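Chain letters run A, B, ... following the sequence lines, proteins first, then strands; residues in each count from 1. Keep in mind that what you see is a predicted model, and the values were worked out from it rather than measured.
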Amino acid sequence: MNLFAHFKAVVEAALGELVKTNVLPKDADFSRIAVESPRDAAHGDITTNAAMVLAKPAGQTPRQLAEMITDLLQQDDEIEAAEVAGPGFINLRLASSFWPKLAAEAFKLGDDYGRSQTGGGERVNVEYVSANPTGPLHVGHCRGAVFGDALANILQTVGYDVVREYYINDAGAQVDVLARSAYLRYREALGETIGEIPEGLYPGDYLMPVGEALKTQHGDALLSVAETDWLPVVREFAIAMMLDMIRDDLASLNIHQEVFTSEQSVHGEASTKVKDILDVLRAKGLVYEGRLEPPKSLSEAERNDWENRDQLLFRSSEHGDDTDRPLVKSDGSFTYFASDVAYALDKFERGFSQMIYVLGADHSGYVKRLEAVMHAVSGGQSRAVVKLCQLVKLFRGGEPVKMSKRAGEFVTLREVVDEVGPDVVRFMMLYRKNEAPLDFDFEKVTEQSRENPVFYVQYAHARICSVFRNAVQEFGEDAVSVDKLLASDFNLLQDDAEIAILKRIGEYPKLLEAAAASHEPHRVAFYLYDLASEFHGLWNKGKESPQLRFILASCMHVTLARLAFLRVIRYVLGNGLRIMGVNPVEEM
RNA sequence: GGCCCCGUAGCUCAGUUGGAUAGAGCAGCAGCCUUCUAAGCUGAAGGUCCCAGGUUCGAAUCCUGGCGGGGUCGCCA
């Protein structure tokens with residue numbers, strides 16, 4: 001159950017009564033009504049702005065209207081008190097019997113608590129990583145990878161039909177560079193001394209295995225043929241190996257996208273789709289022959305160099321882009337933008353209503369055109385949502401980690417995962433808003449201390465597991481079985497700290513919905529941190545006040561209620577951690 | 001120059017899509033403490049939410065204009 005959805009319905013029922021008695025007009029707009037928890041717990045458990053939002057259409061002051069609403073709400077058994085406060089807020093204090101009821105329901109749902117159908121099975125495509133298949137993933141890819149994966153998890157949890165996708169940029173000039181670089185390694189594998197890698201080729205030694213594999217497969221046969229003949233062969237071979245490597249890198253973070261779409265297959269030379277797509281676009285009136293002004297950012301010299309010619313343009317400016325964009329280069333081949341269009345159309349035809357693109361912040365200039373393209377090719381039926389992830393800065397003990405891009409010296413994703421583990425990487429990448437830069441310190445993130453949120457949250461989960469181990473040891477497996485816990489009396493949870501935690505548990509379903517709607521996985525991370533914090537606080541209270549401990553040997557019924565309560569917390573921690581892709585450990 | 005993002009406590013950051021007296025964690029201050037799992041606990045203090053207007057019952061949040069920081073900007077990928 002969703003606490004807030006439940007009471008929103010209660011409030012709306014009361015408003016319905018007021019419509020019947022003509023206090024409110026029939027066409028009153030309820031859409032701006034919020035039912036949420038107040039910032040300050042002293043204001044009660046649930047608050048709504050209904051009276052303030054509807055005062056004008058009702059022709060009353062907010063407080064007058066609020067009085068009428070509270071009179072109705074007070075009749076509800078689950079509401080102990082309803083009062084008007086401030087400019088016209090209605091604050092509800094729930095009956096003390098309500099929280100135990102919520103705990104019991106959450107217990108029954110177990111790991112499914114928080115799951116909902118608010119997405120209504122809407123088809124959503126989440127595209128993330130999509131790195132060029134020219135080398136291993138580096139740290140820069142890491143954040144988007146984790147972000148996209150966690151976002152997909154959240155959307156699934158609240159009832160969207162999600163496809164995780166990787167777009168392979170295997171059609172441009174950079175894969176030819178890859179092929180030439182791999183060919184050099186091939187010659188090296190055959191015994192040639194290649195010396196320094198020439199400027200413009202990829203220097204990384206991750207291509208040496210590609211050279212070796214080429215040798216194994218082709219012997220020296222590729223040495224004697226012209227580049228036009230070996231290049232396509234080497235290219236496809238190298239791309240396949242690079243993709244395998246990338247998949248392995250992603251697997252180290254437990255990321256497994258189900259669809260890998262190749263740019264070549266969408267619009268490459270071999271594809272016949274290109275013409276079809278152009279025909280479709282023409283039919284929709286989206287392309288025309290025309291000229292573009294030189295961009296203002298060009299220098300005088302570059303401006304003189306600008307080739308002012310008629311070309312095939314896409315009408316993206318009519319769909320929100322800054323300018324129309326070329327589809328065909330002067331050499332007759334298609335632009336990268338053309339493949340964006342083709343790919344957007346491809347996605348649309350696969351039936352998604354929402355396409356999420358997770359990109360690095362350096363792609364911020366592409367947001368408008370992606371949105372415009374999707375709007376254009378779908379006729380406004382699908383929307384593109386672009387999420388930008390800011391850079392990750394690496395530190396070690398407070399000192400920035402130096403890397404130089406030109407020697408191919410970059411920190412790979414794999415190196416980071418191998419050093420600190422996937423749990424730490426995944427949690428830390430989500431413990432910041434996506435559009436804020438992120439500092440990642442190798443030493444701090446592995447520290448086992450309160451300052452480290454990864455540890456802090458996992459530790460809460462592990463602590464609960466440890467209480468259960470103790471309980472089993474003390475009372476035996478049967479005495480604390482699931483059935484016994486289910487039958488326990490949740491009304492025995494009466495301490496303020498326990499109730500406060502139950503209230504937070506009650507917020508969880510709504511939190512997931514909000515995280516999904518705003519595409520903000522970090523909210524889950526912060527929620528878990530807060531929940532863990534409250535749990536640790538309760539634990540500490542038990543040190544001072546033994547009667548608050550979870551296991552009270554002298555009082556079995558209280559013990560059972562508290563164990564059931566702990567289990568609910570554990571469900572939520574485990575559920576949230578799994579959404580983030582972090583392993584809920586049982587021991588530390 | 002155009003566009004995008006950011007600006008909140010000394011530091012690092014949240015802020016429930018416009019709600020009430022703006023919150024955490026560090027650091028600093030004052031006490032306590034030897035554990036149901038140790039990686040401590042409690043409390044107090046800390047603010048011109050970058051600035052100036054605007055929108056309305058109500059703005060850190062939305063709009064306009066500035067200031068400061070970052071990113072990006074031809075047929076590259």
Is the shortest side-chain N to carboxylate O distance from [X] to [Y] below 4.0 Å?
X	Y	answer
A/D310	A/R291	yes
A/K387	A/E435	no
A/D340	A/R369	no
A/K510	A/E507	no

For the pair made of [atom1] in [X] and [atom2] in [N], what is the distance, rounded to whole Å?
X	N	atom1	atom2	result
A/L327	B/C76	CG	P	11 Å
A/L388	B/C4	CG	C1'	8 Å
A/R143	B/G71	CZ	C1'	14 Å
A/N540	B/C41	CG	P	6 Å
A/L92	B/G19	CG	P	18 Å
A/H363	B/C76	NE2	P	13 Å
A/H519	B/U17	NE2	P	16 Å
A/R325	B/C3	CZ	P	14 Å

## Note on the structure
In terms of heavy-atom contacts, A/A85 and A/R63 come closest through C-NH1, 3.9 Å
### Task
Using the ring of A/F442 (Phe, Tyr or Trp, six-membered ring only), decide whether A/R396 places NZ or CZ under 6.0 Å from its centre and within 45 degrees of its axis.
yes
### Message
Does the structure place the NZ or CZ of A/R315 under 6.0 Å from the centre of the six-membered ring of A/Y288, at an angle of no more than 45° from the ring's axis?
### Response
yes
### Message
Under a 3.5 Å threshold, yes or no: a donor from one side chain and an acceptor from the other, between A/E83 and A/H43?
### Response
no
### Any side-chain donor near an acceptor of the partner, A/N49 and A/E36, under 3.5 Å
no
#### Entry: Contact under 4.0 Å: A/K56 side-chain N or O vs B/C57 OP1/OP2
yes
### Task
Could you tell me whether the phosphate oxygens of B/C76, OP1 or OP2, come under 4.0 Å of any side-chain nitrogen or oxygen in A/K329?
yes
Candidate nucleotides [options], ranked by approach to the side chain of [X] - the nearest:
X	options	value
A/Y459	B/C36, B/C57, B/U37	B/U37
A/Y529	B/A20, B/A39, B/A24	B/A24
A/E451	B/G25, B/C41, B/A39	B/G25

### Query
Pick one for B/U17: is it syn, with its angle within 90° of 0, or anti?
syn
Check every strand shown and say whether [X] touches a base, only sugar-phosphate, or nothing at a heavy-atom separation below 4.0 Å.
X	answer
A/A55	nothing
A/S533	nothing
A/F337	nothing
A/A34	nothing

### Task
Quote, to the nearest angstrom, the P distance that separates B/G1 from B/A52.
24 Å
#### Entry: Per-nucleotide protein contact string for nucleotides 8-16 of chain B, where B marks a base within reach and S marks sugar-phosphate only (heavy atoms under 4.0 Å, - for neither)
----SSSSB
### Summary
What residues 466-473 of chain A contributes to the RNA chain B interface at heavy-atom separation below 4.0 Å is A/S466, A/R469, A/N470
### Query
Can you tell which of A/Y456, A/F427, A/F455 makes a ring pair (Phe, Tyr, Trp, His ring centres under 6.0 Å) with A/Y529?
A/Y456
### Query
Ring of A/F89 versus six-membered ring of B/A20: centres under 5.5 Å and planes under 30°?
yes
